[in-house]
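Proteins get letters first, then strands, A, B, ... in listed order; numbering begins at 1 in each. Hydrogens, waters and symmetry mates are skipped; everything else that's a heavy atom, side chains included, is used.
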Amino acid sequence: MINFSTVSKRYESGQEALGGISFDIDAGELVFLTGHSGAGKSTLMKLIMLMERPTTGQVLVGGRNLSRIRKSQIPYHRRQVGVVFQNHQLLFDRSVFENVALPLQIAGYQSREVGRRVRAALDKVGLLEKEKHNPITLSGGEQQRVGIARAVVNKPPVLLADEPTGNLDPELSAEIMNLFAQFNAVGVTVMIASHDIDLITRLDYRVLTLHKGQIIHDGFLPKGDQHG
Amino acid sequence: MAKSGARRVERPAPEKNNGPGAVQAKTSIGDKSRSYWAHHRSSFISACSRLLGAPVQTLMTSLVVAIALALPATLYIALNNVQQLGDSWDANPKISAYLNPRAKEEAIQEFIEKLRGYNEINDVEYLSADDALRDFQLRSGFGETLSELDENPLPPTLILSPTKAASDPDTLKRLGDRMLQEALIDDVSLDMEWVRRLREIMILGKKIVIALAALLSLGVLLAVGNTIRLAIENRKDEIIVAKLVGGTDGFVRRPFLYTGLWYGLFGGLLAAVIVGLGYMSINQSVQRLADLYNSGFRLQALGIEGNLTLIGLATLIGLLGAWLAVSRHLSQIEPR
């Protein structure tokens, strides 16, 4: 589903964020991406989102070579990739419902279909009764769940999450991770960047560890192992 | 990799809705175009309600548009009226031939008959010295003063109406020159002279109005552009989120283009009101003045067509200004 082959990324400032990494993530996998801040996690996700282009190498998502996607085609690629951000990126000038509905409106769904899907997504994250609230009135954990609902509302085959539990306490973090696991269980390919090693070790999933732009570990963490 | 493959076996088979490409497959082309127009409609309406939600700011920008457009529109009306004034004379040019005051009545009648034979001349109207004086007393309001004069200062006059074919300035001039050769005629005045000058002045005036309108439209373009730039700046978060979840440039652009369109439309409507109020405020004075000059002249308003053109142009300029701002600033806002 996501294939990197010798991908490197050097920013204009000269900083090398990724140094020729290769890996494959199959459809339906859930993978943690871990490493210190500055290890290249965000860059890697930005490449999948086409927010950045690699300096060398190729990125394939769903079999499509991203280097062949022209600028005008980027929006259509992004509709195939749901993203959850640490800072939620919610809009506080509209209700929870409208925030979640945005990707559907952009993709051109009929309003009845929008309503149905938004409620289904909100129900999934347990916020159905808050659809009319402004997201600013919600707690951090609830805001993050709105962000997740928005990321999955148009059922993208790939879901990315950049530090989704960054500001949450362990209990809420576990809840959020459980949500991701549920989406993964219905076939969505999920990639979660996180440095919450404790949480990652407790969950039994494949882990990619980045260090200074290189993959230094790819596989399952033995319980109690503290990579990264 | 092998390990991850093995893991997948443990998971339930993916629901068919979640497969790659399912998103695109579920919206038909008909749905897409319906929702495309639905987004146009909702952008159109929400842009308007956003503007009405900030009435002071909206009024200010619309007034800038209105004032900048009302000025050339007013000048345009003024020009049209002056032209109309000129045209009413232009249509039937006349030659006034002032006769020798001592000319005998019989000689004059004979001369008139001769002139009627000219094929350039359609009609000859004879105004004897007494007729001329009476007419002048009636029209000018100098009645009392004039009756005190010992002698009639006015010469007998022939008013020659040329045929349509002879009405162009050059033929008229030649006819006038020929009249001057006649023994009975002391002087000739062509009504055409000042009409020709007026026409030149009008052409100049129109050029000035066009230049002014172009300059002020550019001003409007920049004013709307700047307002839209601020709107883009204010809604930066929204633009970033829309781009992140797959909003096309067109989707992101649309609300701002409609905002510009609304500013133009409001400005155009206000300009029409300003011009209309201006017209109403001077119309009566002009009418009284025209009556004093015994003229049937009436001030022409912009009219329905003119008003619609004004509003249409304003809307177009608003849209263009927004386009300018959007194409310059929107591409700079990308998710980072």
For A:R78 and B:K243 the tightest heavy-atom approach is NH1-O, 3.0 Å

Looking at every heavy atom in both B:T248 and A:R79, which two are closest together, and how far apart are they? CG2-NH2, 3.5 Å

A:M49, part contacting chain B, at a heavy-atom distance under 4.5 Å: side chain

Does CZ in A:R94 sit with more than 12 non-hydrogen atoms of other residues, nucleotides or ligands closer than 6.0 Å? yes

Residue A:N99 versus chain B: region with a heavy atom under 4.5 Å: neither

At a 4.5 Å cut-off on heavy atoms, which part of A:F92 comes close to chain B: side chain, backbone, both, or neither? neither

Nearest 0.5 angstrom please: B:E334 CD to A:M51 CE, how far? 9.0 Å

Any A:V83 side-chain heavy atom under 4.5 Å of B:L244 side chain: no

Around atom OH of B:Y76, are there more than 12 heavy atoms of other residues, nucleotides or ligands at under 6.0 Å? no

Please walk me through it: do A:L91 and B:R235 pass side chain to side chain contact (heavy atoms under 4.5 Å, CB included)? CA-CA 10 Å; A:L91 299 172; B:R235 294 172 70 183; over 6 Å; no

Please flag which part of B:E238 lies under 4.5 Å from any non-hydrogen atom of chain A: side chain, backbone, both or neither. both

Report, as yes or no, whether the 6.0 Å neighbourhood of atom CZ on B:R328 holds more than 12 heavy atoms from other residues, nucleotides or ligands. no

More than 12 heavy atoms of other residues, nucleotides or ligands under 6.0 Å from CG of B:L277: yes or no? yes

If you draw a 6.0 Å radius around CD in B:E305, do more than 12 non-hydrogen atoms from other residues or ligands fall strictly inside? no

